[in-house]
Every structure is written in C-alpha cells, then in structure tokens.
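Remarks on the structure that follows.
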Amino acid sequence: MDGEPIIRISGLGKNYLTAAGPVPALEDINLVIYPGEFVAIMGPSGSGKSTFMNLLGCLDVPSSGAYSLNGTNVRTLDKDQLARLRNGVIGFVFQGYNLLARVNLIDNVALPLIYAGVGKAERNRRAQEMLDKVGLGKYGASRPSQISGGQQQRVAIARALINRPRLILADEPTGNLDSRTSHEIMGLFTQLNRDEGITVILVTHEADIASFANRLVRFIDGHLAHDGAVEHESHGTLA
Ligand SMILES: Nc1ncnc2c1ncn2[C@@H]1O[C@H](COP(=O)(O)OP(=O)(O)OP(=O)(O)O)[C@@H](O)[C@H]1O
Ligand SMILES: [Mg+2]
C-alpha cells in the first residue's frame, strides 16, 4: 500500500506491574497498519487484545518497543501533546457504550468538543450532524436509557466521529448486542471505512463479526500468532 502507515509498531511489549510481580501481557509485537485498512483482532480471553488496544489508543504506555501513530513516535510527546494527538486522530468505541446517563444524546455526542474548546452552537450543530449520520437524527433530546442497546452503540459511534478521526478503535463493540443488531453496527463501521476511508481496528470474539474486516490479526498468549487477509464469502449478503 502507498503512503505513510497510520500505525507502526516494532518490538512492542507490555508488562503489568502487580503485587505478585510483573505480568507479561504482550511480547515483541510488530505490526504496520495503513490508512483505510479495516482490521479485526481476535484471540482467546487474556491473550492481550485489550492491552494492545489501550497501547494503540495511547491510554497506556508500553514497557518496551516503539509505537508511531500518524507518523509521530508517541514516546517523544509530553502528556498534553499526546492528548492532542489522541483526540485529533482517534475515535474510541467500547463494549459498554460509555454514555453519560444524565445528559441527552446531543450532549453525549458533543462531549469531546467541550475538551476541544468548541463553542456550544457549533457543538450542537456538529453533534446533530453525527446523529443524522448514524440514523438517530430525531433522538437528540432523548436520554441513553430511552433507546435500545444498538442505538446507544450508534450514539457512541457518533461521539467517536465528532472530532473527524482518521482511526476508530473499537474493543468488542458488538459484545453486548444480539446478532442482527451487531450486523447493523458492523454495517456502519464498513460504511465509514469504505466511504470515508476511516481506518478501523476492532476486537471481537465472533468470526462472523471479524469477517466484515479486510485483515485479521490473532493474538495468543501475548504474541501475534496470525496476520492475514479475511475471506469474504461468509457475509456476502450483508456487505
Ligand atoms: N491492569 C492489569 N493489571 C494486571 N494484569 C492485567 C491488567 N490488565 C490485563 N492484565 C493481564 O494481561 C493479560 C492480557 O489481558 P487483556 O485484558 O489484554 O486480554 P484480552 O485479550 O482483552 O481478554 P478478553 O478477551 O477477556 O477481553 C491477562 O493475563 C490479564 O490478566
Ligand atoms: Mg479485552
């Protein structure tokens, strides 16, 4: 593929320090991901997937190795610079949606713009635009508890998109959803990837969810055990 990688990782390792001593979670991970890729990450429970996503998202620091995000070696950045890079480049989506229960959907989606210092009128305009994009334009005044789980995940995706990220990191985004709703959410990721060129990296335990991606990376015991293309026959009717 042409151009600069969005992610370049070499010799990456992570040990968690615990009372019982260091717990090795990742060892010697080497990976390059280019803009526009759609990568599924699989592997058994405890194999290091979330640890890896937290490192990709600069939510945690590696114990060894190097990580460049969008061409910048993250180790060279101070805390504020790192926060700026993260907020500017990455949108996060989590299994549990992580919406604020007490505020309406517009305010939930607009939240990252408060940190970015954007004024209220502009925040509301952009949040409405993102809710429209995920098919929930009419629900802006609702609270999270008044909509379904699948709709809440759409709101979380709208929130992830509000800073116009180049990269979406999603850790088991369909883990709480039934199969039909999961496929709808995957359709949305596919659309963002295909139509807007957003790079998507997504953790899942489900092979049919992984089949929406173009590339599959598998972790076993903190090691990268497999990295290859995804066969695309299994969800032909949904593509
Ligand atoms: N904060 C922590 N402190 C200590 N050990 C941790 C911590 N977080 C994770 N670990 C350990 O690191 C290893 C990898 O955990 P991780 O959460 O990355 O796995 P995972 O692949 O995401 O699993 P799952 O599929 O269950 O979400 C496991 O052995 C886990 O117990
Ligand atoms: Mg996990």
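For ligands, and for the atoms within them, numbers begin at 1 and follow the listed sequence.
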Report task. Starting from atom 14 (C) of ligand 1, locate the nearest protein heavy atom and write down its residue, its atom name and how far away it is, to 0.1 Å. Result -> Gly46 O, 3.4 Å

Query raised in the report: Which residue owns the protein heavy atom closest to atom 17 (O) of ligand 1, what's the atom, and how far is it?
Result: Ser50 CB, 3.8 Å

Query raised in the report: Do Phe38 and Phe189 have their ring centres less than 6.0 Å from each other?
Result: no

**Report entry** Which of the ligand 1 atoms, numbered from 1, are nearer than 4.0 Å to a heavy atom of His205
**Finding:** 25 (O)

Report task. Would you kindly confirm whether Leu100 and Ile114 end up in one hydrophobic cluster when ILVMFWY residues are joined by side chain heavy atoms under 4.5 Å apart? Result -> yes

**Report entry** 4.0 Å heavy-atom contact, Pro44 with ligand 1
**Finding:** yes

Query raised in the report: Which residue owns the protein heavy atom closest to atom 26 (O) of ligand 1, what's the atom, and how far is it?
Result: Ser45 OG, 2.5 Å

Query raised in the report: Taking atom CG of Leu113 and atom CG of Asn87, what is their separation to the nearest 0.5 Å?
Result: 10.5 Å

Requested in this report: Flag Gly43 as yes when one of its N or O atoms lies below 3.5 Å from any N or O atom of ligand 1, and as no otherwise.
Outcome: no

Query raised in the report: Got a sec: does the CG of Asp132 have more than 12 other heavy atoms crowding it under 6.0 Å?
Result: yes

Query raised in the report: Considering residues, nucleotides and ligands other than Arg8, do more than 12 of their heavy atoms fall under 6.0 Å from its CZ?
Result: no

**Report entry** N, O or S atom of Thr51 closer to the Mg ion (ligand 2) than 2.8 Å
**Finding:** no

Query raised in the report: Would you call Glu172 a ligand 1 contact, heavy-atom distance under 4.0 Å?
Result: yes

**Report entry** ILVMFWY cluster, Ile198 and Val230 together (side-chain gap under 4.5 Å)
**Finding:** no

Query raised in the report: Going by the atom numbers of ligand 1, which of them fall below 4.0 Å from some non-hydrogen atom of Ala25?
Result: 12 (O), 13 (C)

Query - Distance flag for atom 30 (C) of ligand 1, protein heavy atom under 4.0 Å - result: no

Query - Donor-acceptor under 3.5 Å (Glu37 side chain, Tyr34 main chain) - result: yes

Query raised in the report: In terms of residue, atom name and distance, what is the protein heavy atom nearest to atom 18 (O) of ligand 1?
Result: Thr51 OG1, 2.6 Å

Query raised in the report: Nearest to atom 4 (C) of ligand 1, what protein heavy atom do you find, and at what distance?
Result: Tyr16 CB, 3.3 Å

Query - Transitive ILVMFWY side-chain link Met53 to Ile185, under 4.5 Å - result: no

Requested in this report: Examine the proximity of ligand 1 to Thr18 and report which part, side chain or backbone, both or neither, has a heavy atom under 4.0 Å away.
Outcome: side chain

Report task. Name the closest protein heavy atom to atom 25 (O) of ligand 1, giving the residue it belongs to and the distance to 0.1 Å. Result -> Lys49 NZ, 2.7 Å

Report task. Look up atom NZ in Lys138 and atom CG in Leu105, then write down how far apart they are to the nearest 0.5 Å. Result -> 14.0 Å

Report task. Please tell me if the side chains of Ile106 and Leu131 come closer than 4.5 Å, counting only heavy atoms from C-beta onward. Result -> yes

Report task. Flag atom 10 (N) of ligand 1 as yes if some protein heavy-atom distance to it falls below 4.0 Å, otherwise no. Result -> yes

**Report entry** Contact with ligand 1 for Lys14, non-hydrogen, under 4.0 angstrom
**Finding:** no

